[in-house]
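Beneath this line is the structure, given in structure tokens, with notes to follow.
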Amino acid sequence: TERLGIVLFDLNANTQKVFANDSENQNSLVNNKIRNIIIDNSGKIWVGTVNGLSILDPISNQFTNIKSQPENDLSLSANSIISMYKDNSGSIWIGTFYGGINLFSRYHFAYSYYKTQNDGSGISEKIVSEIEEDDKHNLWIGTEGGGLNYFDRSTGKFEYITTKSAKNPVSHNNIKCLYFDDNKNL
């Protein structure tokens, strides 16, 4: 929902359960304005909100809430989450509003993030609106104002594709959505 939290439907039992923020319960949803939802490989439901990340354990119906901690480099880089993507290895990529892109490795409960750098070592813009993975397991990242970013995971380097790119420029630097078709075209 826009401001009322999330509703979990059980189609087999024909029931629904509403989860909303409760300021008196630290295990409730961190914020009711939802931007993105994904399910990880263990079945937990990741809920990206305008004010942090909530991870729902569907068995206990309890949330683990994660927010930015500026003094901790291993926390989220920003609380306002715009996009999330689960890659082929099960790791979660989180695009934020003015915090760049965060990587949650499925191998350890810690975050790393890619800041704005124009030298190929980071993303081109702090607002990350979309993330997709190609068949070679590299990432394509849509930004708001920085065009399209290609992340070569084998080298750890970024390539920036903007309206000013000499080869295959994009028509606008505000990329809201990405999609690979059946022929693997972006």
Determine, using the 4.5 Å side-chain heavy-atom cutoff (strictly less than), whether [X] and [Y] are members of one ILVMFWY cluster.
X: Ile131; Y: Ile123; result: yes
X: Phe158; Y: Val128; result: yes
X: Ile161; Y: Ile175; result: yes
X: Ile66; Y: Ile92; result: yes
X: Leu8; Y: Val47; result: yes

Counting C-beta onward and ignoring hydrogens, is there a side-chain heavy-atom pair between [X] and [Y] closer than 4.5 Å?
X: Ile38; Y: Asn36; value: yes
X: Asn79; Y: Phe97; value: no
X: Lys126; Y: Glu144; value: no
X: Glu130; Y: Ile82; value: no
X: Trp140; Y: Asn149; value: no
X: Asn88; Y: Glu133; value: yes
X: Ser124; Y: Thr143; value: yes
X: Lys33; Y: Thr49; value: no

Given Leu139 and Arg153, is the side chain to side chain contact (heavy atoms under 4.5 Å, CB included) satisfied, shown in steps? CA-CA 7 Å; Leu139 296 179; Arg153 294 174 78 177; 4.2 Å; yes
Under the side chain to side chain donor-acceptor pair (under 3.5 Å) criterion, do Ser80 and Arg35 qualify, and how do the steps go? CA-CA 9 Å; Ser80 188; Arg35 287 207 174 128; 2.5 Å; yes
If every non-hydrogen atom of [X] is compared with every non-hydrogen atom of [Y], which pair is closest and at what distance?
X: Ile6; Y: Ile34; result: CG2-CG1, 3.6 Å
X: Leu76; Y: Ile81; result: CD1-CD1, 4.3 Å
X: Ser105; Y: Ser91; result: CA-OG, 3.7 Å
X: Ser165; Y: Thr162; result: OG-N, 2.8 Å
X: Gln69; Y: Ser75; result: N-OG, 2.9 Å

Polar side-chain atom of [X] near backbone of [Y] as donor-acceptor pair, under 3.5 Å:
X: Asp152; Y: Gly156; result: no
X: Asn183; Y: Asn185; result: no
X: Asn31; Y: Gly52; result: no
X: Asp40; Y: Ile45; result: no
X: Ser28; Y: Asp22; result: yes
X: Ser54; Y: Val30; result: yes

Pairwise distance [atom1]([X]) to [atom2]([Y]) - rounded to 0.5 angstrom:
X: Asn51; Y: Asn65; atom1: CG; atom2: CG; result: 10.0 Å
X: Leu178; Y: Ser129; atom1: CG; atom2: OG; result: 7.0 Å
X: Leu29; Y: Leu53; atom1: CG; atom2: CG; result: 10.0 Å
X: Ser77; Y: Leu103; atom1: OG; atom2: CG; result: 11.5 Å
X: Asn102; Y: Met84; atom1: CG; atom2: CE; result: 11.5 Å
X: Glu132; Y: Ser83; atom1: CD; atom2: OG; result: 10.0 Å

Kindly check if the number of other-residue, nucleotide or ligand heavy atoms within 6.0 Å of [atom1] ([X]) is above 12?
X: Glu24; atom1: CD; answer: no
X: Tyr150; atom1: OH; answer: yes
X: Asn72; atom1: CG; answer: yes

Ion pair check, Asp10 and Lys17, cut-off under 4.0 Å: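 Answer for the salt bridge query: no.
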Less than 6.0 Å separating the ring centroids of Tyr114 and Phe151?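 Yes, the ring centres sit under 6.0 Å apart.
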When Phe104 is tested against each of Trp46, Tyr85, Trp93 for ring pair (Phe, Tyr, Trp, His ring centres under 6.0 Å), which residue passes?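 Answer after filtering Trp46, Tyr85, Trp93: Trp46.
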Decide whether Lys86 and Asn41 meet the rule of one side-chain donor and one side-chain acceptor closer than 3.5 Å.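 Yes, a side-chain donor-acceptor pair sits under 3.5 Å.
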Does the side chain of Gln62 come under 3.5 Å of the side chain of Asp57 through a donor N or O and an acceptor N or O?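 Checked: Gln62/Asp57 side chains show no N/O donor-acceptor pair below 3.5 Å.
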Could you please spell out the steps behind the side chain to side chain contact (heavy atoms under 4.5 Å, CB included) verdict for Ile141 and Ile101? CA-CA 9 Å; Ile141 302 160; Ile101 192 166; 3.9 Å; yes
